[in-house]
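Please read the structure below before turning to the comments.
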Number of protein chains: 2
Amino acid sequence: MELFVEHGYERTTTADIAARAGLSERTYFRHFPDKREVLFDATHALDTLVVDGIAAAPADAPPLDVLAAGLRAGAGMLDGLGDHARARTAVITSQGELRERELAKMSGLVTASAAALVERGVAEAPALLAAEAGVAAFRVAFERWVATPGGPPLPDVVDTVLAELRRVVAPA
Amino acid sequence: MELFVEHGYERTTTADIAARAGLSERTYFRHFPDKREVLFDATHALDTLVVDGIAAAPADAPPLDVLAAGLRAGAGMLDGLGDHARARTAVITSQGELRERELAKMSGLVTASAAALVERGVAEAPALLAAEAGVAAFRVAFERWVATPGGPPLPDVVDTVLAELRRVVAPA
DNA sequence: ACTACTGATGACAGCGACTGACATGGAGTG
DNA sequence: CACTCCATGTCAGTCGCTGTCATCAGTAGT
């Protein structure tokens, strides 16, 4: 992050990153599969928080409510990390390959969430659709939260956006 | 596509692709920004079909219905191209970077659709949410359609999935 | 017809991301 | 004290991608 913020992502080589960590470039690639992945270390933690939150939700709740509980749990992880999140987001949005990787991570969250819903007995089709819609809402909420420092905490924004989503997608 | 199907994406070099086209590798990179992009030539056409479909929808329809019309229009483009779509999808799903690029293209469709909705007077927030949800449904529909040769045409699958989405996201 | 000018291409050199192979060294184990 | 791991370093090589310069149409202008 220091290097990326100071010199920009593209102008930072993997050799630079490794040197800053006091390691060789080869060793960097033993810890991360590629240059992008250093910025996406925490996403696995988010996934497990959401999945656990889904598993812990009340048994009789409808799928999207269950997912909402999971997403709130995941959102809680970012409490107080607003500044870091903003810096990281600035780096990511500055570079196409990084934006793609971020989308891929969100797609992984969709898959994990859908699987967690299926685990609870939700049928595959609605599980996938709920996961897609819910994670999309999470992404939108995250963008808003990052764009408004000093605003409401992320879990609240997630709730707000989910409510908006329900209104927009309401059956005719 | 011939090279990718025959030897696999990773084992095909950009020099191979250029040679098959009777050009130099350098010239390949004058036509496409990177190796992945050869497989995503048609996505721009899909975008414009959807955007035009949105613009042409009845004036008083709610946002998600408008988007549905656009997505149906876009889906029509793939009529009769099931075999090609399957081959292409097989290549894309076989490779991480290609899946990422596909997600990026879908994200571009979200942005374009949301902008087209805003153009019609929809407020930004609901436009973005409708676009996210609608395109997610389109993606799910596309997956289903590709997985079931001989099944219903894509526009119908899109309608089906959108209806399912409405049910799943229905306000409590 | 002669002369620009333009636009697509080729040729070449070079950088940086990534990988395979082998060597080294230090921590633990018998 | 050997022996075995496991993390790391080193080195060479491939491939995606870019900058630069030359070539060579075709086209326009005079």
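Below, each value reflects all heavy atoms present in this structure, side chains not excepted, and no hydrogens, waters or symmetry copies. Residue numbering restarts at 1 for every chain, and letters A, B, ... go by the order of the sequence lines.
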Quick check for you: name the first and last nucleotides of DNA chain C, 5' to 3', having an atom under 4.0 Å from a heavy atom of chain A.
dA17(C) to dA21(C)
Does R36(B) place a side-chain N or O at less than 4.0 Å from the phosphate oxygens OP1/OP2 of dC17(D)?
yes
E25(B) CD - dC15(D) C1' separation (whole Å)
8 Å
Here the distance between atom P of dC24(D) and atom CG of L23(B), to the nearest Å, is 17 Å
Check whether any side-chain N or O of H31(A) sits under 4.0 Å from OP1 or OP2 of dT8(D), and answer yes or no.
yes
Is the charged tip of K35(A) near the ring of F29(A): under 6.0 Å from the six-membered ring centre and within 45° of its axis?
no
What is the separation between atom CG on L39(B) and atom P on dG16(D), rounded to the nearest whole Å?
13 Å
Atom pair distance, as rounded to whole Å: CZ in F29(B) and C1' in dG19(D)
14 Å
Nearest listed nucleotide, side chain of T27(A), among dC17(D), dT20(D), dT8(D)
dT8(D)
Length of the CD-P vector between E37(B) and dG16(D), whole Å
15 Å
Expressed in angstrom and rounded to an integer, what is the separation of F32(B) atom CZ from dG16(D) atom P?
15 Å
Please say whether more than 12 non-hydrogen atoms of neighbouring residues, nucleotides or ligands are located less than 6.0 Å from CD in E37(B).
yes
If you assign S24(B) and E97(B) each to the DNA chain C nucleotide with the nearest heavy atom, which residue ends up on the more 5' nucleotide?
S24(B)
Touch class at under 4.0 angstrom, heavy-atom based, for R11(B) against every strand present
nothing
Under 4.0 Å from OP1 or OP2 of dG16(D): is there any side-chain N or O of T14(B) that close?
yes
So F32(A) and T14(A), do their side chains get closer than 4.5 Å, heavy atoms only?
no
Electrostatic pair R72(B)-D156(B), nearest N-O below 4.0 angstrom
no
Applying a 4.0 Å non-hydrogen cut-off, can you work out what T13(A) is touching in the nucleic acid: base, sugar-phosphate, or nothing?
sugar-phosphate
For a 4.5 angstrom cut-off between non-hydrogen side-chain atoms, does F40(B) reach L98(B)?
yes
Rounded to whole Å, the CG-P distance (D34(B) to dT18(D)) equals 8 Å
Within the side chain of R139(B), is there an N or O that forms a donor-acceptor pair under 3.5 Å with the backbone of M106(B)?
no
Provide, to the nearest angstrom, the distance between the NE2 atom belonging to H7(B) and the P atom belonging to dC15(D).
14 Å
Could you tell me if the side chain of T48(B) sits less than 4.5 Å from the side chain of H44(B), heavy atoms only?
yes
